[in-house]
2 protein chains.
Amino acid sequence: MQLEEGKEKFIQAWGTLGSSWGINRTMAQVHALLLISPEALSTEDVMQELNVSRGNANMNLRALIDWGLISKELRPGERKEYFVAEKDMWKVAKQVIRERRKRELEPMLRILEELKQVEGNKAEKETQAFTEAIGNLHDLATKADKTLNTMLRADEHWFLSSFMKLMR
Amino acid sequence: MQLEEGKEKFIQAWGTLGSSWGINRTMAQVHALLLISPEALSTEDVMQELNVSRGNANMNLRALIDWGLISKELRPGERKEYFVAEKDMWKVAKQVIRERRKRELEPMLRILEELKQVEGNKAEKETQAFTEAIGNLHDLATKADKTLNTMLRADEHWFLSSFMKLMR
DNA sequence: TAAAACTTTCAATAACTATTGAAAGTATAA
DNA sequence: TTATACTTTCAATAGTTATTGAAAGTTTTA
């Protein structure tokens with residue numbers, strides 16, 4: 001396979017994967033493009049490579065910065081902004097985990113805590129089933145949260161060796 | 001908080017969480033409804049509780065069966081089909097992991113393996129960057145795949161004790 | 001201060017995804 | 001076999017989300 005075909009396939013695949021994880025298709029494609037780019041790219045470059053409008057490119061570059069997956073690079077004497085992706089895939093994974101934990105897991109935990117306060121006839125099956133489901137979910141979410149938190153705080157070496165054990 | 005309000009909130013929250021994970025909103029809501037229901041529910045029940053059409057209810061119940069998250073329950077002498085959700089949250093989590101691994105991680109691994117074959121001027125920066133990014137991603141994906149696989153094969157006790165260690 | 005080189009915004013619109021509901025299909029009972 | 005009680009399908013439509021591109025905004029340079 002030639003490089004151009006490979007690039008195309010990768011950008012496509014990353015975009016599709018993104019979609020099934022609730023991530024905007026173009027955002028995932030811009031990320032893919034920057035992941036395999038040896039140089040920082042400008043908004044213009046992104047527009048050209050992906051055939052998207054200026055507004056779209058700009059908005060998704062900003063979103064990626066927001067997620068902490070890419071950063072601006074300013075070149076001395078140049079006015080244009082360039083963008084580079086973090087290339088260390090373990091750092092990328094950690095960052096995605098960190099953000100989703102903050103954006104989704106934590107809010108869900110708050111809601112589950114609220115829902116644990118539901119009063120109602122304790123004798124009723126409806127109330128019992130609700131309370132039990134919420135309680136179990138809260139337990140699982142708490143465990144997941146602690147596990148992720150520990151993983152994220154750990155340095156790479158610690159994580160890898162722990163996971164090597166998990167993997168036998 | 002009263003039970004009805006709590007149910008409403010939970011169904012709502014689960015639907016929203018689902019959306020941000022690429023899961024159809026109604027599918028997640030039907031799942032939430034069944035998770036907290038002490039009894040199996042019929043299509044009619046789901047239609048009423050969530051105010052959705054027959055077609056929608058039917059399609060999402062089928063999708064949940066497909067994901068292995070709910071099952072049909074037939075009552076002797078009754079023609080209608082009833083549905084129950086798996087209530088053990090760890091089993092639910094495992095099932096979701098199993099399905100997503102099969103539907104997303106494995107296909108992505110196949111693509112990355114294909115992309116490792118990209119030829120091109122080894123001296124070129126472009127090719128080098130591509131090859132390196134794909135290689136690193138493939139390594140990470142392989143590790144994730146093995147880890148998940150081990151987790152899924154393990155019984156609950158093994159898993160919990162391993163993760164307790166990870167969590168200190 | 002004005003012009004140039006850029007970035008950001010946002011209303012309009014396109015593209016995509018979910019939902020409806022009536023019709024068709026299927027299985028059971030009489 | 002026909003009627004009944006359901007389930008499933010699918011074309012039409014509604015609803016949602018993404019994209020465009022021109023206009024407004026910002027920063028730098030001269």
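Chain naming here is simple, since letters A, B, ... match the order of the sequence lines and numbering starts at 1 in each. Quick caveat: nothing in here was measured; it's all calculated off a predicted structure.
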Specify the residues of residues 32-45 of chain B, ordered by number, for which at least one heavy atom lies under 4.0 angstrom from an atom of DNA chain D.
none
Output every pair passing salt bridge (Lys or Arg N to Asp or Glu O under 4.0 Å) with a member in residues 127-142 of chain B, not counting sequence neighbours, ordered by first then second residue.
none
Just grab all the salt bridge (Lys or Arg N to Asp or Glu O under 4.0 Å) pairs involving residues 26-38 of chain A, residues at least two apart or on different chains.
none
For nucleotides 10-30 of chain D, give me one character per nucleotide, 5' to 3': B if any protein heavy atom sits under 4.0 Å from the base, S if the only such contacts are to the sugar-phosphate, - if neither.
--------SSBB-----BB--
What is the distance from CE of A:Met47 to P of C:dC6, rounded to the nearest Å?
13 Å
Go through the structure and list residues passing side-chain hydrogen bond (donor to acceptor under 3.5 Å, both in side chains) with [X], not counting sequence neighbours.
X: B:Gln95; answer: B:Arg98, B:Glu99
X: A:Asn24; answer: none
X: B:Glu4; answer: none
X: A:Glu126; answer: none

Can you list the residues that meet the salt bridge (charged side-chain N to carboxylate O under 4.0 Å, His left out) rule with B:Glu49, with sequence neighbours excluded?
B:Lys7
Test salt bridge (charged side-chain N to carboxylate O under 4.0 Å, His left out) applied to A:Glu5 - qualifying residues, sequence neighbours left out:
A:Lys9
Residue met sooner reading DNA chain C from 5', once A:Arg62 and A:Lys80 are mapped to nucleotides:
A:Lys80
Answer with yes or no whether the side chains of A:Asp45 and A:Ser42 bring together a donor and an acceptor at under 3.5 Å.
yes
Just to be sure I understand the geometry, which residues of residues 68-76 of chain B put a non-hydrogen atom under 4.0 Å away from DNA chain C?
none
With sequence neighbours excluded, residues passing side-chain contact (heavy atoms from CB on, under 4.5 Å) with A:Val118
A:Phe130, B:Met1, B:Leu3
Check this one for me: any side-chain N or O of A:Asn58 less than 4.0 Å away from OP1 or OP2 of C:dT8?
yes
